[in-house]
Amino acid sequence: MDLKTVIGLEIHVQLKTKSKMFCGCDNNAEEAQPNTLVCPVCLGLPGALPVANRQAIEWTVLAGLAFNCQIAETSKFDRKHYFYPDLPKGYQISQYDKPFCLGGSLEIISGNETKKINFRRIHLEEDAGKLIHVDNASLVDLNRAGTPLMEIVTEPEISSPQEAKIFLQELRSIMRYLNISDADMEKGHLRCDANISIEIGGKEGVPTEIKNINSFRMLERALIFEEKRQKEVLETGEKIIKETRGWNDSKGETYSQRSKEQAQDYRYFPEPDLPPFQVHKVFEVEKLKEKLPELPAEKRKRYQGMGLKAEDAAILVLDKQISAYFEKISKSVDVKLAANWIINELKLDGVLVITPENMIALLQLIENNTISGKIAKDVLAQMIESGKSAQEIVESKGLKQVGDEGELNEIINKIITQNPKPFEDLKNGKTQALGFLVGQIMRETKGQADPEKVNKILEERIDK
Ligand code: ZN
Ligand code: MN
């Protein structure tokens, strides 16, 4: 059987506006006491009238521009009806058939491949409140009710759980570049529902949906499990049931929750308290476009132009702070050296510990052959531990590379005298002996010999 995994994502991004989506209540509910940031509008009291948050709409349009969406001429809000204790109105104000943004796409680097994932739409809606379960009671906190949520819906074009994770990471970084959301998954600023199906021989499969994914790890694990489960079901000739499935983190399994609701179940209708919105009359969309910062994809291309591999460029641009660090360092040292050390030695997080100036000083010691790359790794570890600069450590510990030809010659003579057999072998063309001798020399100099020079001198000796 020719089985192909097909994944689509629906992502909710909490916008960091000052006030909520349809009222003036404070939108920063994280540290507030329950039910203190509420008013008649977000409590859903009868007769209270919503007023749309201009900033939230502007940011949604801005996101649309970042993803090359088509910005709607007219847009409107709709009521999406369902019952839940954290939704006092009995409906959520969302958007149905006229979202602010249509189409659009996001480019990701998956392995060595650049891939474009198309979007269906981006719309704006309000969040519900929160239920807190204690002992045998459930409490309702409505601080979060009415928080602006931007919902991004992709086409089902993601082809593996790993790719889904890369996509969501890229999306998170764009939200941060645009400065419209903290996009922190742990804090619920970024939440995701994933639908997954298996196509058989080009024939569309039946999707299941995993809801409320709140970490990258969960996204990948839940999809890997569901992909395997569906393939196993199909291989036995059974059918997949269209349903919503939950994720049990401790068991590492998805489980059946309920059959999937259809759009008609929500009885959508236009929100009568908010008039339709002429987007291009309210915002100068072309001017907004000028506000867009350099986004990760463009930055990645620029870094590739500087000589970096696509994969390395992709890692460096994910975080604004890391890319700023890279740019500072690469002004003073070789770009590839800078990228390599940030990714593999600082392991990205290290940029918070070592100042760019100190990192430049360390890498310059490698570039001017004062220390070898190997010693530099030890120096870096000591820099992290002691907070001292690279020069201080190299001076105080006498780590300077032995590059003086006279000194090196002397050491090489000693090693050759001690190891006549390998030296003979080397002369007779046995190249393994070279590694052995270089190893002995490095040991003698505690790794401080300049390997290039050692090789050069040894080669000269053989020619004699
Ligand atoms: Zn309110
Ligand atoms: Mn939604």
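Indexing begins at 1, ligand by ligand and atom by atom, following the structure's order.
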**Q.** Pair Asp97 + Lys76, salt bridge at N-O below 4.0 Å
**A.** yes
Q | Ion pair check, Asp184 and Lys16, cut-off under 4.0 Å | A | no
(Q) Taking atom NZ as the centre, does Lys388 end up with more than 12 heavy-atom neighbours from other residues, nucleotides or ligands that are less than 6.0 angstrom away? (A) no
(Q) So, of the N/O/S atoms that Glu125 has, which is the nearest one to the Mn ion (ligand 2)? (A) OE2
Q: Return the name of the atom in Glu151, of element N, O or S, nearest to the Mn ion (ligand 2).
A: OE1
Q | Residue pair Leu37 / Ala32: nearest heavy atoms and the distance that separates them | A | CD1-CB, 3.6 Å
**Q.** Contact check: Glu10 to the Mn ion (ligand 2), N/O/S below 2.8 Å
**A.** no
Q: Less than 2.8 Å from the Zn ion (ligand 1) is the window; count the protein N, O or S atoms in it.
A: 4
Q: Establish, yes or no, whether the cationic atom of Lys89 lies under 6.0 Å from the six-membered ring centre of Tyr91 and within 45° of the ring axis.
A: yes
Q: Flag His12 as yes if one of its N/O/S atoms falls below 2.8 Å of the Mn ion (ligand 2), otherwise no.
A: yes
**Q.** Matching residue for Thr208 among Glu243, Gln257, Arg245, Glu226 - test: side-chain hydrogen bond (donor to acceptor under 3.5 Å, both in side chains)
**A.** Glu226
(Q) Distance alone, cut at 3.5 Å: any donor-acceptor contact between the side chains of Tyr303 and Glu327? (A) yes
Q. Less than 4.0 Å between a side-chain N and a carboxylate O, is that true for Lys228 and Glu232?
A. yes
